[in-house]
Amino acid sequence: MNLRATNRRVARVVAAVMQKGGVGKTTSIINLARAAMLKGLRVLVCDMDPQGNTTDALAKGELAEDEVSIADALNPSEKDRVPITDVIVKTIWDGVDLAPVTSTEALATVEELIAAAKHGREYRLREALQPVLGEYDLILIDNAPSLGLLLVNALAASETDELALVVMEADRWSTQGLVRLRRTVEGVQKYYSRDLRWAGILISKWRGTTDEREKLADIAEHFPDAPVWASQDDDYRDAVPLWNKIKTEINAGTGMDESSDVRLRVTVAAIYDRAIDRLMAGREAA
Ligand SMILES: Nc1ncnc2c1ncn2[C@@H]1O[C@H](COP(=O)(O)OP(=O)(O)OP(=O)(O)O)[C@@H](O)[C@H]1O
Ligand SMILES: [Mg+2]
């Protein structure tokens, strides 16, 4: 009997959430994928954003618009559905696989089809991922800046082991927006996915201003169950700095650890390395 195969656990799923655009969800997912890969974890990135920014950054070369995509794996019609194994592609980084978006329309259209389906609207992604859960240690889901049905699917993607990771800037958010985000996640917890938990709040584009420092306490108040990953105790070392070079490197397909800029190679790479430790806590490798 192959003990290793039988002992194998299913992947932990982490969904990046925040309905405000441009806060660093995609950048975080890409950097987290890289950091996880460097730790030897088997990683799948699911691009659930019709904008396809994650796909653009990670895919090897350009994917044709008529190429199968994650939208095909989510199709509620059995006859039109494509197995996720046919959708997943290799990326610019060995050890990171990708379920890509290949056209803006396809994912938007499939969201409408899912909404119109009679049953299982919240579980299309869960079903799609089922066959590959044992193939990965970590599945990272990038989401659009929205609280719609695709996000609900992302949050209900795992039956047993899923975390919602809030990505946000410390100084630019609306109280109402945070309340809506929290309600959405709690709604999924209550109705669709009891094992969904908060991972924490990853602070991005950090400049270290007094205003930002003060606002961390407000953020913590809005998410009593989710730790803010930035604290005065360690000089805010886990807040991702606002450095333009981060953007340049991601656009060039360069990992933080590979950067010629020592601040990225040391400081930023270490932030994501520790983030993976937090995300994988309690789930030792099988
Ligand atoms: N720490 C950072 N320092 C500098 N620029 C950054 C940083 N993080 C992200 N950016 C840049 O800010 C822009 C928005 O980031 P990103 O695409 O990751 O946000 P997002 O939350 O995924 O946006 P959307 O909601 O539209 O999907 C991008 O141009 C990105 O390169
Ligand atoms: Mg994005």
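Atoms within a ligand are numbered from 1 in the order they appear, just like the ligands themselves.
Of the residues listed (Asp94, Asp97, Asp137), the one engaging Arg42 in a salt bridge (Lys or Arg N to Asp or Glu O under 4.0 Å) is Asp137, and it is the only one. The residue from Thr102, Thr55, Asn53 that alone fulfils the side-chain hydrogen bond (donor to acceptor under 3.5 Å, both in side chains) condition with Asp47 is Thr55.
Proximity to Gln51 (heavy-atom distance under 4.0 Å) selects the following atoms of ligand 1: 24 (P), 26 (O), 27 (O). Every atom of ligand 1 is numbered from 1 in the order shown, and the set under 4.0 Å from a heavy atom of Leu242 is 3 (N), 4 (C). Ligand 1 places these atoms under 4.0 Å from at least one heavy atom of Gly24: 15 (O), 16 (P), 18 (O), 19 (O), 20 (P), 21 (O).
Atoms OG1 and NZ, from Thr209 and Lys215 in turn, are 8.5 Å apart once rounded to the nearest 0.5 Å.
A salt bridge does not link Glu186 with Lys190: every distance from a Lys NZ or Arg NE/NH1/NH2 to an Asp or Glu carboxylate oxygen is 4.0 Å or more.
Residue contacts with ligand 1, taken as heavy atom pairs separated by less than 4.0 Å, do not involve Asp142 at all. With a 4.0 Å heavy-atom cut-off, ligand 1 is reached by no atom of Ala144. Contact annotation for Thr27 and ligand 1: heavy atoms of both the backbone and the side chain come within less than 4.0 Å of the ligand.
Below 3.5 Å of separation, one finds no N or O of Asn143 facing any N or O of ligand 1. Checked by distance only, ligand 1 and Asn53 stay at 3.5 Å or farther apart across all their nitrogen or oxygen atoms. Checking only distances, Trp243 does come within under 3.5 Å of ligand 1, N or O to N or O.
At least one heavy atom of Asp49 sits closer than 4.0 Å to an atom of ligand 1. Using 4.0 Å as the threshold, Ser204 has no heavy atom nearer than that to any atom of ligand 1.
Minimum heavy-atom separation, Leu196 to Ala164: CD1-N, 4.0 Å.
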